[in-house]
Amino acid sequence: MSDRLKTILAAILFLLAVLLPWAAFALGWFRWGLEQGVWLGAGVFLLLAALAVVLLWQLDVVSWLAASLPYLSGSVYTLLPDLLPGPADDAAFSLLGAVLSALLARRRSERLPRWIWAVLLLVALYPLAGGFLPGVLDEGAVELVGYVLFLLAMRGSGEEPG
């Protein structure tokens, strides 16, 4: 399987990992109860995300787009309307995506600046600080700034993103 096809499949799996767990949660809750719904939703998420990560980790050449996919999927989840009360789920998704993206970027280039870890950690933990602006304006701005800094770090590693 080509790297391009693996990247496309990983992107689809990440998208499904953001959306399908909610359907699994609703089905489990309706059919068996709240706790089983939570376990079913978490299981669906973990399965789809793990498959996407396995595909990305098997790439012969990790493109910057492939390295960005986990970060972007975590950002999408953070910006979606909250179905669970509290910011813990947003922070967890964002943190998981940021760490996976940093690991993939580091695999691509050993010269990736170490400061990017601090930026990604701060961006991922921002939802725990609470929203300072209504809606997703502040979270969206923080995610965007974090992604721009991620791209700058990749550029600073001596290789052009792309």
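What you are looking at is a predicted structure, and each value in this text was computed from that prediction instead of being measured. One is the number of the first residue; the rest follow in order along the sequence.
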Quick one: side chain to side chain donor-acceptor pair (under 3.5 Å) partners of Ser73, sequence neighbours excluded? none
Please enumerate all residues that pass side chain to side chain contact (heavy atoms under 4.5 Å, CB included) together with Ile8, with sequence neighbours excluded. Arg4, Ile12
Non-neighbouring partners of Trp29 that pass ring pair (Phe, Tyr, Trp, His ring centres under 6.0 Å), sequence neighbours left out: Phe25
Below 3.5 Å, can you tabulate the donor-acceptor pairs from side chains in residues 33-41 to any protein atom, sequence neighbours excluded?
none

Should Leu149 and Trp117 be regarded as members of a common hydrophobic cluster, given that ILVMFWY residues are connected when their side-chain heavy atoms come within less than 4.5 Å of each other, either directly or indirectly? yes
For Phe14, ring pair (Phe, Tyr, Trp, His ring centres under 6.0 Å) partners two or more places apart: none
Where Val142 and Val123 come nearest, the two heavy atoms and their spacing: O-CG2, 3.8 Å
Contacts of Leu122 that satisfy side chain to side chain contact (heavy atoms under 4.5 Å, CB included) - sequence neighbours left out: none
Let's go through Lys6 and Leu56 carefully: what are the C-alpha distance in whole Å and the side-chain angles of both, what is the deciding distance for side-chain contact (heavy atoms from CB on, under 4.5 Å) to 0.1 Å, and is it a yes or a no? CA-CA 7 Å; Lys6 287 178 191 175; Leu56 291 177; over 6 Å; no
Do Phe45 and Val54 sit in the same hydrophobic cluster, where Ile, Leu, Val, Met, Phe, Trp and Tyr count as joined when their side-chain heavy atoms come under 4.5 Å apart? no
Below 3.5 Å, can you tabulate the donor-acceptor pairs from side chains in residues 95-107 to any protein atom, sequence neighbours excluded?
from   : atom 1 : to     : atom 2 : distance (Å)
Ser101 : OG     : Ala67  : O      : 2.6
Ser101 : OG     : Tyr71  : N      : 2.8
Ser101 : OG     : Gly97  : O      : 3.3
Arg106 : NH1    : Glu110 : O      : 2.6
Arg106 : NH1    : Leu112 : O      : 3.0
Arg107 : NH1    : Trp57  : O      : 3.1
Arg107 : NH2    : Trp57  : O      : 3.2
Arg107 : NH2    : Leu59  : O      : 2.9

With sequence neighbours excluded, residues passing side chain to side chain contact (heavy atoms under 4.5 Å, CB included) with Leu9: Met1, Leu5, Leu55
Partners of Ser68 by side chain to side chain donor-acceptor pair (under 3.5 Å), sequence neighbours excluded? Tyr147
Return the CG to CG distance between Leu15 and Leu72, rounded to the nearest 0.5 Å. 11.5 Å
Please answer: with hydrophobic residues joined when any side-chain heavy atoms are less than 4.5 Å apart, are Leu13 and Leu65 in the same cluster? no
Can you pull the side-chain hydrogen bond (donor to acceptor under 3.5 Å, both in side chains) pairs that have at least one residue in residues 7-20, sequence neighbours excluded? none
Kindly work out whether a path of hydrophobic side-chain contacts (I/L/V/M/F/W/Y, heavy atoms less than 4.5 Å apart) joins Leu20 to Trp32. no
Taking a hydrophobic cluster as the set of Ile, Leu, Val, Met, Phe, Trp and Tyr residues connected by side-chain heavy atoms closer than 4.5 Å, whether directly or through intermediates, do Leu69 and Val62 fall within one such cluster? yes
